[in-house]
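Worksheet: one structure, shown below.
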Protein chains: 2
Amino acid sequence: MKVHIENIGDYLKKHEIKPSYQRIKVFEYLLNTKEHPTVDDIYRALVDEIPTLSKTTVYNTLNLFIEKQIAVVIVIEENETRYDVEMNFHGHFKCEKCGKVSDVDIDPEVINFDSLNEFQINEHHLYFKGICKDCLEKEKIKN
Amino acid sequence: MKVHIENIGDYLKKHEIKPSYQRIKVFEYLLNTKEHPTVDDIYRALVDEIPTLSKTTVYNTLNLFIEKQIAVVIVIEENETRYDVEMNFHGHFKCEKCGKVSDVDIDPEVINFDSLNEFQINEHHLYFKGICKDCLEKEKIKN
DNA sequence: GTATCTGCAAAACATTTGCAATTCT
DNA sequence: AGAATTGCAAATGTTTTGCAGATAC
């Protein structure tokens with residue numbers, strides 16, 4: 001599902017982003033995790049490896065990625081801004097029990113409603129909330 | 001498109017909400033406007049009529065509406081929490097030019113993807129961004 | 001050596017909380 | 001009077017900004 005990227009430095013350069021150590025690490029983390037992390041998740045995941053890291057740099061880096069269109073913001077809940085580097089068309093599901101956010105494959109053809117014809121659509125955001133498989137099974141076992 | 005409600009006081013009572021003046025006015029505003037307003041929009045719209053109104057009350061009121069399930073939060077963008085009292089299944093479109101948020105009719109049947117089968121879905125949120133009809137026409141006229 | 005990038009501290013916002021005053025019945 | 005509601009002021013949390021020092025080419 002995730003984009004395959006040979007070399008992060010080259011990928012950043014291709015998108016006019018100078019590949020600093022911090023930027024490579026943030027991008028690498030976004031690429032390797034499936035958690036659609038928040039700024040705080042990213043910061044906490046990297047601060048051990050980069051002890052001087054600041055949240056400002058994480059913010060700067062993410063805003064740059066978004067400007068250069070190699071990442072998108074996903075906001076499933078208020079007060080919880082998450083980031084995604086998977087740029088293919090897909091939806092997101094958030095489990096209300098465990099809080100995990102998963103990707104959902106969606107055929108873009110399906111989202112061609114008549115009611116959208118009057119608009120020029122630039123972005124689709126499809127969010128679903130509920131209970132994930134794992135949490136459903138855990139509940140079954142309990143009962 | 002909007003729900004038809006005879007009497008807001010009775011409607012609030014039916015949902016176990018004591019119909020104070022502030023609550024009636026906030027609900028009335030949500031019902032009559034199509035703008036999917038933010039807290040600030042609501043506050044600014046009502047403060048002339050209710051000069052003692054505070055944002056805290058608007059927040060309290062909206063949180064109560066959400067708890068009692070007569071309103072929902074819509075978050076199309078980070079840092080922009082909006083509210084909607086239309087509880088039927090529908091999507092939202094936000095114009096990137098004029099900032100207006102419109103309702104989008106969607107057949108719920110269409111949103112039955114195989115990829116969602118492994119989840120128990122409790123909420124759907126469908127957001128679209130782009131340029132609205134009016135802004136597209138304004139651009140045409142300019143050129 | 002000059003541009004850029006990083007990260008601290010402070011500022012800017014949005015939302016929540018504690019609590020005292022007000023209102024409603 | 002008693003219970004609920006309102007709204008001020010302060011607290012909290014998130015994101016942005018200004019700027020000085022560090023880093024890279």
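All of these numbers come straight from a predicted model, not from anything done at the bench. Lettering follows sequence order; numbering is per chain, from 1.
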Point to revise | Straight-line distance of A:I42 CD1 to A:Y59 OH, nearest 0.5 Å | key: 9.5 Å
Point to revise | Audit row: A:K94, B:E123, salt bridge (Lys or Arg N to Asp or Glu O under 4.0 Å) steps and yes/no | key: CA-CA 10 Å; A:K94 177 169 179 182; B:E123 287 180 43; over 6 Å; no
Review point. Picking from D:dA4, D:dT16, C:dT6, which would you name as closest to the side chain of A:N63?
Key: D:dT16
Practice item. Please state how far atom CD in B:E67 lies from atom C1' in C:dT16, giving the value in whole angstrom units. Key: 15 Å
Exercise for review: Could you walk me through whether B:E139 and B:K97 pass salt bridge (Lys or Arg N to Asp or Glu O under 4.0 Å), step by step?
Suggested key: CA-CA 11 Å; B:E139 235 166 69; B:K97 275 248 154 50; 2.7 Å; yes
**Study point:** Atom-pair distance (CD1 on B:I50; P on D:dC8), nearest Å
**Key:** 13 Å
**Study point:** 5' priority, DNA chain D, between B:S20 and B:N79 [closest heavy atom]
**Key:** B:S20
Check your understanding: Listed by chain and number, what are the ring-ring contact (aromatic ring centres under 6.0 Å, His included) partners of B:Y43, not counting sequence neighbours?
Key -> none
Exercise for review: Give the rounded distance in Å between these two atoms: CD of B:E77 and P of C:dA14.
Suggested key: 14 Å
Review point. What is the distance, rounded to the nearest whole Å, between atom CD of B:E16 and atom P of D:dT5?
Key: 12 Å
Practice item. Quick one: pull up CD in A:E96 and CD1 in A:I131 and give me the separation to the nearest 0.5 Å. Key: 5.5 Å
Revision key, fill the gap. CD1 (A:I70) and CZ (A:R23) are apart, to the nearest 0.5 Å, by 10.0 Å
Revision key, fill the gap. One should read off an interatomic distance between A:I76 CD1 and A:F93 CZ, to the nearest 0.5 angstrom, of 9.5 Å
Check your understanding: Is there a side-chain polar atom (N or O) of A:Q22 under 4.0 Å from OP1 or OP2 of D:dT23?
Key -> no
Study note, to complete from the structure: Expected list for residues 51-61 of chain B near DNA chain C, using heavy atoms below 4.0 Å, is B:T56, B:Y59
Review point. More than 12 heavy atoms of other residues, nucleotides or ligands under 6.0 Å from NZ of A:K68: is that the case?
Key: yes
Exercise for review: Could you tell me the separation between the CD atom of B:E78 and the P atom of C:dA14, rounded to a whole number of Å?
Suggested key: 13 Å
Check your understanding: Which part of the nucleic acid does A:D40 contact within heavy-atom distance under 4.0 Å: base, sugar-phosphate only, or nothing?
Key -> nothing
**Study point:** Atom-pair distance (CZ on B:R23; P on C:dC24), nearest Å
**Key:** 12 Å
Check your understanding: When rounded to the nearest 0.5 angstrom, what distance separates OH in A:Y127 from OH in B:Y127?
Key -> 8.5 Å
Review point. For the pair made of OH in B:Y43 and P in C:dT15, what is the distance, rounded to whole Å?
Key: 15 Å
Check your understanding: How sharply is the helix from C:dT4-D:dA22 to C:dT25-D:dA1 bent, taking the axes over five pairs at either end and rounding to 10 degrees?
Key -> 20°
